[in-house]
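Working notes for the structure below.
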2 protein chains.
Amino acid sequence: MNISDAAAQAGLPPKTIRYYEEIGLVTPDRDPNGYRAFSDVDIHNLTFLARARALGFSIQECRALLALYEDKGRASAEVKKIAKGHLEEIERKIADLTAMRDTLTHLVHACHGDDRPDCPILESMGGRES
Amino acid sequence: MNISDAAAQAGLPPKTIRYYEEIGLVTPDRDPNGYRAFSDVDIHNLTFLARARALGFSIQECRALLALYEDKGRASAEVKKIAKGHLEEIERKIADLTAMRDTLTHLVHACHGDDRPDCPILESMGGRES
DNA sequence: ATAAGGCCTCCAGTCACTGGAAGGTCAAGA
DNA sequence: TCTTGACCTTCCAGTGACTGGAGGCCTTAT
């Protein structure tokens with residue numbers, strides 16, 4: 001299977017797949033003409049990667065998960081540990097963003113938003129204190 | 001004021017301040033010895049930038065906000081528009097992360113996490129369907 | 001035979017810094 | 001006065017995870 005079909009199957013851009021090969025996440029064979037030839041296993045792994053990335057796992061985490069995925073004797077505790085670590089990070093990000101959102105929502109409501117120059121948003125960012 | 005004092009005042013690393021100068025967000029004077037000399041206005045602007053960045057505004061947005069901040073005849077509607085745009089982006093990110101969190105929380109709970117190899121987390125990422 | 005489209009590699013750019021090397025400057029202590 | 005150490009400077013390179021584009025080969029259809 002050529003790269004654009006593999007891309008359609010896995011739901012990833014061809015460029016991304018080439019990049020994944022470059023960093024060693026997939027190792028497709030090559031046809032005599034130099035074209036990448038993706039096997040079913042390659043497609044499966046690419047699909048796995050697409051889903052893991054969609055869940056926000058980093059490339060390094062994906063590398064570890066993929067190795068576990070291919071290791072049929074793995075301990076599920078390993079996987080759970082990675083997932084839990086990632087989950088904590090996601091929750092930190094949600095907390096950060098939620099704090100930003102609350103502050104900004106407050107400021108946006110406080111700003112009348114007309115053609116006058118006085119603006120609580122700018123004041124809060126430039127004022128003497130936070 | 002030298003760069004490390006400016007950094008302490010604004011709450012930014014010196015490296016970041018040099019970068020901000022490089023991209024034209026601040027333009028401190030120079031002492032005869034070549035050291036950057038930060039005025040009160042510079043410090044004020046750096047503090048403004050630190051706060052805006054802490055609220056997640058991009059550098060481009062900060063550039064616009066800073067210009068409005070210095071424009072005493074600005075219309076607050078302009079500021080509000082930028083803030084609202086950013087707020088929408090934050091809410092999109094929160095929604096994405098929340099979806100990830102829900103999926104992952106579910107998977108983490110479903111995985112027994114011992115030394116056996118079967119694992120719903122990997123299965124969900126590698127299975128035939130999502 | 002030719003034209004369109006797919007494939008290849010390699011290089012550069014993104015965003016917002018961050019680290020490090022090599023070297024100039026300054027203030028305090030011996 | 002000399003030295004030491006902490007500053008400061010510039011410049012270059014790297015981060016993560018791609019993405020865009022140039023230049024060129026290969027395949028397929030007309």
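This one's a predicted model, so the numbers in the text were calculated from it and none came from an experiment. Labels below follow one simple rule: chain letters A, B, ... track the order of the sequence lines, proteins then strands, and each chain is numbered from 1.
- One cannot find a donor-acceptor pair under 3.5 Å joining the base of D:dG16 and the side-chain atoms of A:Tyr19.
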**Study point:** Test salt bridge (charged side-chain N to carboxylate O under 4.0 Å, His left out) applied to B:Lys84 and B:Glu88, step by step
**Key:** CA-CA 6 Å; B:Lys84 276 176 97 168; B:Glu88 280 164 23; over 6 Å; no
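- Look at A:Thr16 and you'll find a side-chain N or O under 4.0 angstrom from OP1 or OP2 of D:dT19.
- Two residues are said to be in side-chain contact when any heavy atoms from C-beta on lie closer than 4.5 Å; B:Arg53 and B:Cys62 meet this criterion.
- The shortest distance between the side-chain N/O atoms of A:Arg30 and the OP1/OP2 oxygens of C:dT9 is below 4.0 Å.
- Taking atom OH of residue B:Tyr20 and atom P of nucleotide C:dC15, one finds them 14 Å apart after rounding to whole Å.
- In the set D:dC26, C:dG6, C:dC17, C:dG6 carries the atom at the smallest distance from any side-chain atom of A:Ser4.
- Using a 4.0 Å cut-off, no side-chain N or O of B:Asn33 falls inside it from OP1 or OP2 of C:dG24.
- Taking atom CD1 of A:Ile17 as the reference point, atom P of D:dT19 lies 12 Å away to the nearest angstrom.
- For the pair A:Arg53 CZ and D:dC18 P, the computed distance is 4 Å after rounding to whole Å.
- Out of C:dC7, D:dA17, D:dT9, the shortest distance to the side chain of A:Ser58 is found at D:dA17.
- Regarding A:Asp5, its CG atom lies at a distance of 16 Å from the P atom of D:dT27, rounded to whole Å.
- Look at CG on B:Asp31: it is 9 Å from P on D:dT9, rounded to the nearest Å.
- In this structure, A:Asn2 does not reach the C:dG6 phosphate: none of its side-chain N or O atoms is under 4.0 Å from OP1 or OP2.
- A:Ile23 comes within 4.0 angstrom of no nucleic acid atom, judged by non-hydrogen atoms across all strands.
- Using a 4.0 Å heavy-atom criterion, one finds that A:Pro14 contacts no nucleic acid atom at all.
- In this structure, B:Phe38 places its CZ atom 14 Å from C1' of D:dC7, rounding to the nearest Å.
- B:Leu65 places a side-chain heavy atom less than 4.5 Å from the side chain of B:Phe57.
- In this structure, a donor-acceptor pair under 3.5 Å is present between the side chains of B:Ser39 and B:Asp42.
- The distance between atom CD of B:Glu21 and atom P of C:dA16, rounded to the nearest whole Å, is 18 Å.
- Rounded to whole Å, the distance from CD1 on A:Ile3 to P on D:dC26 is 17 Å.
- With D:dA17, D:dT9, C:dT25 as the candidates, the nucleotide lying closest to the side chain of B:Arg36 is D:dT9.
- Distance from the side chain of B:Tyr35 is smallest to C:dG24 among C:dC17, C:dG24, C:dT18.
- Using a 4.0 Å cut-off between charged nitrogen and carboxylate oxygen, B:Glu78 and B:Arg74 do not count as a salt-bridge pair.
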